[in-house]
Amino acid sequence: MRFIDLEAQQGRIKEEILRRIHHVLGHGQYILGPEVQELEANLSAYVGVRHAVGCSSGTDALLMALMALGVGRGDAVLTTPFTFAATAEVIAMLGATPVFVDIDPRTFNLSADELPLALEAVQNGDRGVYPVPRGHGSAQRLTARGVVPVNLFGLPADYEGICAVARVHNLFVVEDAAQSFGAEYFGKKSGSLGDMACTSFYPSKPLGCYGDGGMCFTDDEDLAMVLRSLRDHGNDGGCRYESVRIGINGRLDTIQAAVLLAKLEIFPEELELRQQVASRYIDLMSSLGPGLSLLPPHVPSGHRSAWALYNILAQDEGHRSLLQGRLRELGIPCAVYYPKPLHLQPAFAYLGYRKGDFPVSEDVSTRILSLPMHPYLEVEEQERIVSALAVE
Ligand SMILES: *Cc1c(COP(=O)(O)O)cnc(C)c1O
């Protein structure tokens, strides 16, 4: 059994992938070739935004988005501590300060209710109101610039709540959609829910390529122009070797775009299959009876998850170890995303956060467990997984 089955997917579309790769070998435009523009056009239409800018990874997409918004030293950017390191890493790399906001216990996404408290604490430099960075991380008074909500495991965050706060405080909202391509929020696609959005095509993401890749989305023409410049060393878009700003090498490979175009043909169907797999998990687990209390993922009304991962919450850390042991014995792969919230990781120790600062993230990180999830997971496999979990 596989945690994520990329081979089953490849079996379906191998011919098309090879055909498209051969086409790239034929025209030889390996860097920003026609497939990149074709993919950008397709994905911007799919998401429903005016501009899509392909880039080298989800991390670089986030980095470029924050660079385009002029984030730098003295700026605070608010995000969740219960995410992959990249989300906060790019904020720190630009010299800005990541300010964490705890998560909602049911969705595991940034709590819009706590966001105003964190903003007040940043404004007044007052840790009495909410835990904010101390020491090196807050040597100077910070200016809150924006929020980076993460659509964790494929589920969109609470954009209505977050954007309402952002409007009042004049903050940008950059969607970390690395795990949520294809998800929906009240009829709008993930990628269109903030001022900008960033997704990842890392192989195990809902829409993955065969290497690294990512994309930025925005309706703002000026930001899109800056993103195109940033991904190619800050060029001016015309004359080669004229740098008008400091950029990076953040380009998307043409061959990866070709792979993505082939995968895109079956992507809507795969999303539907993921939804079926998730619904089946929920049904199977509900028949376990209340004594086992494996909370299924909460999907608020109006939300559609892309089901990048399927997680359950064990009763406590001991219970989770027991479940992991059972699954391992039966050869069923499982994983923990994420075992340690970012505020407790060495790389972010300079921010001066402490254990207890974000109790919900800390609690969830000790209880969460990811089960196999991909469009090709079979009923019998799911039945085996769920019966393995049925232990007192
Ligand atoms: C995967 C991921 C990223 C980074 O994407 P890469 O393509 O691996 O650089 C950023 N944020 C989140 C939430 C992710 O899951």
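Worth knowing before you read on, the calculation uses all heavy atoms, side chains too, and leaves out hydrogens, waters and symmetry mates. In listed order, ligands and their atoms are each counted from 1.
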S.K.: Return yes if a side-chain donor-acceptor contact under 3.5 Å exists between Glu317 and Ser321, otherwise no.
M.R.: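 Absent: no donor and acceptor within the cut-off.
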
S.K.: List the closest protein heavy-atom neighbour of atom 11 (N) of ligand 1: residue, atom name, distance to the nearest 0.1 Å.
M.R.: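 Here the nearest protein heavy atom works out to Asp176 OD2, 2.9 Å.
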
S.K.: Between Asp102 and Ser111, is any side-chain donor less than 3.5 angstrom from a side-chain acceptor?
M.R.: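 No - no donor-acceptor pair under 3.5 Å links their side chains.
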
S.K.: State, without any angle test, whether Tyr210 and Gln10 hold a side-chain donor-acceptor pair at a distance under 3.5 Å.
M.R.: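 The criterion, which ignores hydrogens and geometry beyond distance, is satisfied for Gln10 and Tyr210.
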
S.K.: Quick one: which ligand 1 atoms are inside 4.0 Å of a heavy atom on Ser57?
M.R.: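 Selected atoms, number and element: 7 (O), 9 (O).
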
S.K.: Go through ligand 1 atom by atom and flag the ones less than 4.0 Å from a non-hydrogen atom of Val150.
M.R.: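 Here the atoms of ligand 1 in question are 13 (C).
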
S.K.: Counting only heavy atoms, tell me which of Ala61, Cys209, Gly58 gets closest to atom 6 (P) of ligand 1.
M.R.: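 Ranked by closest heavy atom to atom 6 (P) of ligand 1, first place is Gly58.
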
S.K.: Does the pair Glu16/Arg19 count as a salt bridge with the N-to-O cut at 4.0 Å?
M.R.: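 Yes.
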
S.K.: Salt-bridge test for Arg384 and Glu378: reply yes if a basic N is under 4.0 Å from a carboxylate O, no otherwise.
M.R.: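 So Arg384 does not pair with Glu378 through a salt bridge.
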
S.K.: Does the side chain of Asp75 pick up a donor-acceptor pair with the side chain of Thr143 at under 3.5 Å?
M.R.: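 There is no such pair (donor and acceptor under 3.5 Å, judged by atom type) between the side chains of Asp75 and Thr143.
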
S.K.: Is it the case that atom CZ in Arg245 sees more than 12 heavy atoms from other parts of the structure closer than 6.0 Å?
M.R.: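 Result for CZ/Arg245: enclosed.
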
S.K.: Considering non-hydrogen atoms of the protein only, which is the closest contact for atom 2 (C) of ligand 1, and what is the distance?
M.R.: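 Atom 2 (C) of ligand 1 sits closest to the protein heavy atom Lys205 NZ, 2.5 Å.
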
S.K.: Mark up the atoms of ligand 1 that fall under 4.0 Å of a heavy atom belonging to Thr83, in ascending order.
M.R.: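 It comes down to these atoms of ligand 1: 13 (C).
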
S.K.: Heavy atoms only, cut-off 4.0 Å: how does Ala178 contact ligand 1, side chain, backbone, both, or neither?
M.R.: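 Side chain only.
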
S.K.: For the 3.5 Å polar cut-off, considering only N or O atoms, please tell me whether Ser200 and ligand 1 meet it.
M.R.: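 In this structure, Ser200 places an N or O atom under 3.5 Å from an N or O of ligand 1.
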
S.K.: Taking 4.0 angstrom as the limit and counting only heavy atoms of Ala86, give me the atoms of ligand 1 inside it, by number and element.
M.R.: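 What qualifies from ligand 1 is 4 (C), 10 (C).
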
S.K.: How close does the nearest protein non-hydrogen atom get to atom 4 (C) of ligand 1, and which residue and atom is it?
M.R.: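 Of every protein heavy atom, Thr59 OG1, 3.5 Å lies nearest to atom 4 (C) of ligand 1.
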
S.K.: Judging by distance only, is a nitrogen or oxygen of Gln179 under 3.5 angstrom from one on ligand 1?
M.R.: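 So ligand 1 has an N or O lying under 3.5 Å from an N or O of Gln179.
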
S.K.: Inspect the surroundings of CE in Met93 and state if more than 12 heavy atoms from other residues, nucleotides or ligands are less than 6.0 Å away.
M.R.: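 Count not over threshold, so no.
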
